Amino acid sequence: MRFELPGQAASRGQALGRARVRMPHVLKVEKNRIPADAVTAELQRLHTALAATREEMSNLRKRLQGALAEEAGEFIELHALLLDDPELLRSLDTSIREELYTADYALRLQRDRLTGIFERMEDAYLKSRLDDLDYAIGRIHAHLHKHATETLSTTGDILVSDNVASAELAQLMAQGVIAVITASGSLLSHSAILARSLHLPLLIGTTGAIQRIHDGDVLIVDADNGLAIINPDASDLRRHRAKLKESARARRDLERLRDKPSRTRDGTDITLYANAESDEDIARAHALGAAGIGLYRTEFLFLQGDELPDEEEQYQRYRNIVLSMNGRPATIRTLDMGADKLHRNGPNPGNEKNPALGVRGIRLSMAHPKIFDTQLRAIIRASGYGPVRVLLPMISRREELVSARKRLRKITEQLRAEGHAVQDRLPLGTMIEVPAAAIAVHGLADIADFMSIGTNDLIQYLLATDRCNEALNKWHSPLHPGVLQLLRHVITVGKAHAKPVAVCGEIAGDPALTRLLLALGLTEFSLHPGNMLEVRKIIRDTDLNALSATTEKLLFAKDRAGIQRWLTAING
Ligand code: PEP
Ligand code: MG
């Protein structure tokens, strides 16, 4: 029977495929025992499943290339660690041999034990990897039941799951999964950001998906309209085909804008920078005519290996970005480690009860001057190969910017004395993502060279809505008079000081909000390259003078409904 389930579009697109439902694995496992004479066979069953999982991982590693390999690297590493952990293997064997538990139940016991250890480790980084641990255990479990090919989706499958780990997304794409529907999830999670980067349609918050969708059901994911259609009928299929045709046509139209300026109808040039993490993002940014890289998040480079990257490794990476941009500026943000982005061997802010309000970003860098100086050295050295700008995350007070500026100057002089040909003066910018920094922005605008508003965090702190808490998706929104007034304030103060102001949070790449940001006076956007042409198209279709005449009305809106009415009138 046909039915629809609404969800939130975390990554847009259309897909038609078969449902592959992934039940929360371990919950289904009962405490069952085997007869004593079945021990050998049960051990054999377990070890065959472990071997199959190892092989699956190693095959995957071989198949992944480029950006996907980088993204999935950590995930595969975690699997490898787990599958070869002597303690895990011994405990599994003992449970089967001595307690006569089934391999499934033995696995569940070990999963519960490891979860307990992860949670007690006081290591926020490991805690954030529990989804990955669950997935790894789930793969062994699937092999125990020879469900490998069922649960490991193949081309044309749409994964229906409770949640999806960020590192798993790359693996799913490599296996041919064409879309993902999850019951939970948040628009600003790393999974959502990555899905957009991979162009994988992702519908989150689809309540009831696991219970109501069955393996093999035919599904249409209409992520553009936040909808899953289960067992679509003939008219759904016709509509889907029409939408595919329409989006292919729209893509072709957009492609024509590659070399066109981002200029409004009445002649104002808008600067579009790219947010880029992978080589692929950087290549696309260049090909789509981005004005430069507006945000390179260095923490993802730091989160990759076991050890923190040293000066040379960082320098090579930053220099590559600078060279790829071929004369356009590369804005490299210093480490925004902390909160949900922690390295197991990296600087540790301690056991924080509230890490989003803790020692993260510039605070952590200042507390670890060696790590900070190493990073600054690498960034400044890269500036010998093209224009580089340095961006500081989580600045909350003027003193931090003053102190970072001194450091930057001192290290630049040192490098010059060592004989490095570095840029004369690297522009130093600040993220505006802490409400106090936004309110008192006049104390930053006069000494910063540029500012970039991080709306992902600014909204989180301003509206008291954890950006990763799916229960708050409805509340974590820029459509709030307080958010708009603060954005307007920062942009106006920036202009008064003749300092460039960009927005680099996710809203900068949302075409539905392009005109809203233009109306607030924004002239610089930093967004994922995947959305660049769409945003450029809207800019080119906008009469900025006429739009600016409506700004007052927008700022007078008292609630979300009022802002929404303004948006509907403007976007049509
Ligand atoms: C932001 O906070 O909006 C931002 C761009 O930085 P991040 O998402 O890395 O915190
Ligand atoms: Mg931020």
Side-chain angles (χ1 to χ4, degrees), residues 10-11 71 124-125 128 166 186-197 272-278 281 285 292-303 331-343 349 355-365 375 389-396 400 429-438 441 444 450-469 472 476-478 480 483-484 486-487 490-491 501-510 513 517 520 522 524-531:
S11 172
E71 297 288 359
Y125 171 78
S128 75
S166 57
S186 118
L187 291 176
L188 292 175
S189 67
H190 193 205
S191 298
I193 293 178
L194 191 59
R196 291 192 278 276
S197 171
L272 296 188
Y273 287 117
N275 290 355
E277 269 82 55
S278 64
D281 288 346
I293 303 293
L295 172 63
Y296 176 74
R297 292 175 165 100
T298 55
E299 51 278 6
F300 293 138
L301 166 70
F302 275 66
L303 288 177
T331 309
I332 301 181
R333 188 173 73 182
T334 63
L335 256 189
D336 185 17
M337 204 76 113
D340 56 334
K341 298 179 275 196
L342 271 182
H343 190 282
L357 303 180
V359 186
R360 65 172 279 201
I362 190 71
R363 302 169 185 172
L364 195 65
S365 289
Q375 180 169 43
R389 311 194 304 172
V390 181
L391 180 59
L392 303 168
M394 291 298 291
I395 290 282
S396 60
E400 290 162 337
T430 172
M431 292 284 293
I432 301 291
E433 50 189 347
V434 177
V441 67
L444 297 169
F450 64 98
M451 299 190 283
S452 197
I453 310 177
T455 42
N456 304 340
D457 278 316
L458 185 62
I459 294 171
Q460 144 166 279
Y461 297 129
L462 197 60
L463 301 185
T465 50
D466 179 348
R467 62 191 272 187
C468 293
N469 181 345
L472 297 174
H476 190 104
S477 158
H480 186 293
V483 174
L484 301 192
L486 196 53
L487 289 176
V490 175
I491 294 165
V501 178
V503 167
C504 64
E506 290 298 298
I507 64 168
D510 183 348
L513 298 176
L517 293 171
L520 293 175
L522 192 75
E524 293 197 359
F525 293 62
S526 190
L527 63 156
H528 189 272
N531 297 338

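Note that ligands are numbered from 1 as they come in the structure, with each ligand's atoms numbered from 1 the same way. These numbers come from a predicted model, not from an experiment. Basis for what follows: all heavy atoms, side chains included, without hydrogens, waters or symmetry-related copies. The residues of the chain are indexed from 1 along the displayed sequence.
The E433 neighbourhood of ligand 1 comprises atoms 1 (C), 2 (O), with distances under 4.0 Å to a heavy atom of that residue. Distances below 4.0 Å separate heavy atoms of L295 from the following atoms of ligand 1: 5 (C). Residue R297 has at least one heavy-atom neighbour below 4.0 Å for each of these atoms of ligand 1: 4 (C), 5 (C), 6 (O), 7 (P), 8 (O), 9 (O). For ligand 1, the atoms sitting less than 4.0 Å from at least one non-hydrogen atom of G454 are 1 (C), 2 (O), 3 (O), numbered in the order shown with element in parentheses. Atoms of ligand 1 lying under 4.0 Å from any heavy atom of R467, numbered from 1 in the order shown and given with element: 2 (O), 7 (P), 8 (O), 10 (O).
Considering T331, N275, L272, L391 in turn, N275 is the only one that fulfils the side-chain contact (heavy atoms from CB on, under 4.5 Å) rule with S526.
Counting just the N/O/S atoms of E433, the one with the shortest distance to the Mg ion (ligand 2) is named OE1. Here the N, O or S atom of D457 that is nearest to the Mg ion (ligand 2) is OD2.
A side-chain N or O of Q375 and one of T298 form a donor-acceptor pair less than 3.5 Å apart.
With a 4.0 Å heavy-atom cut-off, ligand 1 is reached by the side chain of D336 but not by its N, CA, C or O. Contacts between E506 and ligand 1 below 4.0 angstrom, taking non-hydrogen atoms only, are absent altogether.
Around atom 4 (C) of ligand 1, the closest heavy atom drawn from E277, M431, Q460 belongs to M431.
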Between Q460 and E433, does the side-chain contact (heavy atoms from CB on, under 4.5 Å) criterion hold? Intermediate values first, please. CA-CA 9 Å; Q460 144 166 279; E433 50 189 347; over 6 Å; no

Does the side-chain contact (heavy atoms from CB on, under 4.5 Å) test come out yes or no for E524 and V501, once each step is laid out? CA-CA 6 Å; E524 293 197 359; V501 178; over 6 Å; no

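Between the side chain of S278 and the main chain of D281, a donor-acceptor pair closer than 3.5 Å is present.
Taken from CG in L487 to CD1 in I459, the straight-line distance is 7.0 Å, to the nearest 0.5 Å. For the atom pair CD1 of I453 and OG1 of T430, the computed distance is 10.5 Å after rounding to the nearest 0.5 Å.
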